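Notes follow once the structure below has been shown.
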Amino acid sequence: MRILSEQELLRRKALEELKTMGINAYPSATFPVDTYSIDIHDRYAAFEGKEVTLAGRLMGKRIMGSASFAELQDAKGRIQVYLRRDDVCPGEDKAFYNVFFKKLLDIGDHIGVVGVVFKTQLGEISVHVSKLVLLAKSVKPLPVAKEVEKEDGTKEVYDAFTDAEQRYRQRYVDLIVNPQVRETFRKRTLLVQAMRDFLNKRGYLEVETPILQPLYGGAAARPFKTHHNTLDMTLYLRIANELYLKRLIVGGFDAVYEFSKDFRNEGMSRFHNPEFTQMELYVAYKDYAWMMDLVEEMVETVALALHGKTQVQVGNHVIDFKRPWKRISMYGAIEEAAGQPVAHLDEQGLREVCAAKNVEVDDTFGRAKLIDALFGELVEPHLIQPTFITDYPVEMSPLAKRKADQPELVERFEAICNGKEICNAFSELNDPMDQRARFEEQLELGRRGDVEAMVLDEDFLRAIEYGMPPTAGLGIGIDRLAMIMTNQPSIQEVLFFPQMRPEALETASVGVDYAAVGVPDAWLGVLSTMPYTSIEEFKGANPNRIFNDLGGLRKKHKIEAPVPTVEQIKSWQAAA
RNA sequence: GAACUCUUAGCUCAGUCGGUAGAGCACAACACUUUUAAUGUUGGGGUCCUGGGUUCGAGCCCCAGAGGGUUCACCA
């Protein structure tokens with residue numbers, strides 16, 4: 001275990017003092033909250049002079065003799081509370097104010113207050129407290145950020161808790177002290193709700209399909225693999241749910257959707273987390289052109305729900321989601337960027353264009369990959385405003401239907417926004433013969449070493465052999481959309497708990513019973529703060545080092561007892 | 001996986017030429033009955049990420065490692 005900091009020791013001591021005062025630091029009774037801080041701010045006139053009951057975290061204390069101000073932070077905001085000694089201690093005994101409030105109550109503690117709403121001389125809306133109770137003690141100091149309101153009404157934050165590693169590892173702290181982080185996650189939830197409402201209003205059915213799948217499919221990605229003991233079989237965490245939702249379309253539902261956590265065992269970056277969220281939607285009797293209209297309308301609705309307008313500030317750009325969005329074919333977009341026609345070019349011709357435009361390619365690239373490289377390099381990063389790119393080469397899209405007049409292309413589109421794909425959709429391939437042939441091509445890619453090639457799913461093929469109606473399908477990346485809609489540069493900012501390498505957490509020295517080896521009581525406390533997690537570790541430690549450390553800890557913790565001799569320490573180690 | 005970069009008090013950060021560490025907030029003590037980053041005075045608080053090396057001497061220089069960030073690779 002880590003040696004406790006000065007402030008942590010003080011708070012533990014405060015716990016003891018609370019006990020001697022007869023105050024339970026962790027009471028179990030409910031506390032009858034009837035008001036949020038934001039309600040009082042929003043409707044001051046209605047609350048003025050009324051008694052309210054609030055609960056929240058103490059986030060600041062300003063003590064001025066026998067009167068004090070404090071900041072109370074609840075789930076919806078903050079409000080100042082005003083406390084007078086003689087209000088909370090009407091009798092002779094002033095300990096509640098002088099000791100409990102002034103000394104034992106710390107920033108971070110959960111408290112409940114009852115008081116009357118009023119405005120201070122300086123106009124700050126406050127609660128004049130008549131009763132204050134401790135609801136839960138905090139024994140670990142919070143990072144303290146100071147916020148000052150400037151004359152123009154804008155707020156400036158000093159010493160904010162900003163270290164990315166700590167913010168992600170201890171998101172709970174991030175959420176306590178950074179209100180804009182709470183707001184980002186609230187917006188993410190609103191986004192999902194807006195989409196769900198939009199789809200439900202159209203009568204689409206929200207469904208759930210397996211996360212553990214015997215075969216993974218529906219996307220090109222490497223899966224996470226696991227094992228089921230009872231069935232003694234390999235299972236994969238889904239990389240997509242496409243093939244299951246299409247089975248439901250075969251089954252007769254004409255519109256199904258699912259918000260799904262998907263898992264891909266691939267690189268991590270500011271745009272990639274191993275688990276992420278997609279919304280997939282399948283609608284029978286529709287095609288990709290119809291789906292473009294739906295996507296435009298849905299995303300526009302989301303923007304309005306979150307911002308009240310269609311324009312959204314994203315980095316240095318203002319992105320406008322107002323319908324209609326630009327639509328351009330993949331070839332058209334490349335031709336626009338390259339300044340020359342490419343649709344008719346063969347592999348060699350495309351290579352020359354890549355060379356002329358300094359697009360890096362590989363000898364193994366076929367025609368489709370060359371197109372993809374040109375698009376990824378010349379077009380995609382420059383598409384800031386939402387744009388539909390349509391008609392992809394068939395090789396890149398094994399689950400999409402061919403265009404009737406151009407069978408080397410498929411009826412597919414992606415929406416690109418802020419230089420990144422936010423959704424992918426197509427007219428679903430429902431020709432079981434063609435689907436089997438496409439799977440065979442994927443198998444061949446797999447045999448040639450493509451680790452992301454799709455596997456053949458016989459049951460899925462059997463399903464569409466029964467006949468799948470013409471269907472439009474959509475996958476929309478919720479994390480990426482949330483990043484754009486909340487103006488966040490990294491996926492970690494829109495995931496509560498982004499994936500991290502394990503933290504080297506210092507563990508308690510539970511393995512060593514120091515009392516049993518003859519350590520006197522006075523030294524048990526500090527020894528247990530030393531970093532030995534096992535008897536072996538303690539026995540193997542340098543006794544001189546322990547001697548020195550105990551000397552230091554003695555001073556630090558003001559221990560009266562004499563420092564044990566090195567000989568004594570050796571005897572403890574021998575007894576261990 | 002690669003390159004670059006960061007890691008110093010609870011938080012945000014300084015740290016000069018290599019001479020065993022500083023500030024603000026937070027914390028402790030005292031004063032203070034409407035404050036607004038409350039204020040004033042005083043004080044305590046450090047595994048300088050870890051492990052090696054160079055050196056009389058390392059927060060600083062060198063090597064290795066851990067973790068974070070960014071970019072790239074990968075990635076619908």
Side-chain angles (χ1 to χ4, degrees), chain A residues 2-11 13-14 60-71 80 82-87 97 102-103 106-108 118-124 126 128 140-150 155-169 173 177 218-222 239-240 242 262 264-274 276 278 360 372 375-376 380 389 392 396-400 412 414 416 420-426 451-452 475 477 480 489-490 492 498 500-504 506 530-531 549 552 555-556 558:
Chain A
R2 170 182 64 82
I3 292 172
L4 293 173
S5 73
E6 184 190 29
Q7 292 188 43
E8 287 171 296
L9 290 168
L10 280 163
R11 291 201 180 191
K13 229 170 97 188
K61 252 195 327 188
R62 296 182 284 277
I63 295 170
M64 285 156 304
S66 59
S68 295
F69 291 93
E71 293 289 326
Q80 173 168 276
Y82 174 60
L83 206 78
R84 273 198 319 207
R85 184 189 62 199
D86 296 339
D87 295 336
Y97 181 81
K102 281 170 72 173
K103 300 197 188 302
D106 292 301
I107 290 177
F118 78 112
K119 245 183 207 175
T120 64
Q121 287 175 0
L122 287 160
E124 179 79 15
S126 308
H128 189 148
K140 210 168 163 59
L142 285 172
V144 273
K146 287 288 173 172
E147 190 182 83
V148 65
E149 200 165 336
K150 298 201 296 194
K155 286 181 177 173
E156 192 167 343
V157 177
Y158 296 80
D159 302 334
F161 180 59
T162 52
D163 182 85
E165 178 173 6
Q166 294 197 75
R167 287 185 45 234
Y168 302 152
R169 286 199 196 282
V173 176
V177 302
R222 295 159 75 176
I239 58 173
E242 170 154 357
D262 291 346
R264 297 187 184 178
N265 204 341
E266 287 165 346
M268 290 165 63
S269 80
R270 153 172 112 76
F271 296 100
H272 300 86
N273 195 67
F276 64 102
Q278 277 202 96
E360 256 184 68
D372 195 35
F375 179 77
E380 193 173 39
I389 301 294
Y392 285 65
M396 299 162 63
S397 318
L399 301 167
R412 168 178 171 183
E414 291 190 358
I416 313 289
K420 280 275 166 190
E421 172 204 338
I422 55 170
C423 79
N424 180 20
F426 28 86
V451 290
E452 285 157 5
R480 297 266 179 96
S490 140
Q492 291 156 305
M500 303 280 274
R501 281 201 162 84
E503 179 183 14
E506 292 130 314
M530 290 177 70
D549 286 351
K555 187 179 168 209
K556 180 172 174 150
K558 300 188 173 67

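Values below: all heavy atoms of this structure, side chains included; hydrogens, waters and symmetry mates excluded. Being a predicted model, the structure only gives us computed values, none of them experimental.
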Under 4.0 angstrom, heavy atoms only, what part of the nucleic acid is [X] near: base, sugar-phosphate, or nothing?
| X | result |
| --- | --- |
| Gln80(A) | base |
| Gln121(A) | base |
| Arg169(A) | sugar-phosphate |
| Phe118(A) | base |
| Ala240(A) | nothing |
| Thr162(A) | sugar-phosphate |

Any-strand Watson-Crick or G-U partner of [N], both distances under 3.5 Å:
| N | value |
| --- | --- |
| A9(B) | none |
| A64(B) | U50(B) |
| A3(B) | U70(B) |
| U35(B) | none |
| U55(B) | none |
| U16(B) | none |
| C27(B) | G43(B) |

Q) How do Pro143(A) and Gly218(A) order along RNA chain B: which one's closest nucleotide is nearer the 5' end? A) Pro143(A)

**Q.** Which residue lies more 5' along RNA chain B, comparing Arg480(A) with Leu122(A) via nearest heavy atoms
**A.** Leu122(A)

Q) Counting only distance, no hydrogens or angles, is the base of G44(B) paired donor-acceptor with the side chain of Glu6(A) under 3.5 Å? A) yes

Atom-to-atom span, [atom1] of [X] to [atom2] of [N] - whole angstrom:
| X | N | atom1 | atom2 | answer |
| --- | --- | --- | --- | --- |
| His128(A) | U35(B) | NE2 | P | 15 Å |
| Asp262(A) | A76(B) | CG | P | 13 Å |
| Met268(A) | C72(B) | CE | P | 17 Å |
| Ile63(A) | G40(B) | CD1 | P | 16 Å |
| Glu71(A) | U35(B) | CD | C1' | 10 Å |
| Phe271(A) | G69(B) | CZ | P | 14 Å |

In plain terms, say whether [X] and [Y] are close enough for a salt bridge, that is, a side-chain N and a carboxylate O under 4.0 Å apart.
| X | Y | result |
| --- | --- | --- |
| Glu8(A) | Lys140(A) | yes |
| Glu71(A) | Arg62(A) | yes |
| Arg412(A) | Glu414(A) | yes |

Compare the minimum distances between each of [options] and the side chain of [X], then state the nucleotide with the smallest one.
| X | options | answer |
| --- | --- | --- |
| Leu10(A) | C27(B), U70(B), A76(B) | C27(B) |
| Gln7(A) | A26(B), U33(B), A76(B) | A26(B) |
| Pro398(A) | U70(B), U34(B), A76(B) | A76(B) |
| Phe161(A) | U34(B), U12(B), C30(B) | U12(B) |
| Arg501(A) | U70(B), G1(B), A38(B) | G1(B) |
| Lys103(A) | U36(B), G69(B), A29(B) | A29(B) |
| Asp163(A) | U12(B), U33(B), U35(B) | U12(B) |
| Tyr82(A) | U12(B), G44(B), U33(B) | U33(B) |
| Arg270(A) | U34(B), U35(B), U70(B) | U70(B) |
| Asp86(A) | G67(B), U34(B), U33(B) | U33(B) |

Ignoring backbone atoms, test whether [X] places a side-chain nitrogen or oxygen under 4.0 Å from the OP1 or OP2 oxygen of [N].
| X | N | answer |
| --- | --- | --- |
| Arg62(A) | U35(B) | no |
| Lys61(A) | U36(B) | no |
| Gln166(A) | C11(B) | yes |

Q | Geometric class of the Tyr82(A)/His128(A) ring pair [parallel <30°, tilted 30-60°, perpendicular >60°] | A |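 Perpendicular, since the angle between the ring planes exceeds 60°.
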
(Q) Please tell me whether Tyr392(A) and Phe426(A) form a close aromatic pair, meaning their ring centres lie under 6.0 Å apart. (A) no

Q.
Check for me whether Lys420(A) meets the cation-pi criterion with Phe271(A), that is, NZ or CZ under 6.0 Å from the six-membered ring centre and within 45 degrees of the ring axis.
A. yes

Q) side-chain hydrogen bond (donor to acceptor under 3.5 Å, both in side chains) between Tyr97(A) and Ser68(A): does it pass, once the steps are laid out? A) CA-CA 10 Å; Tyr97(A) 181 81; Ser68(A) 295; 2.7 Å; yes

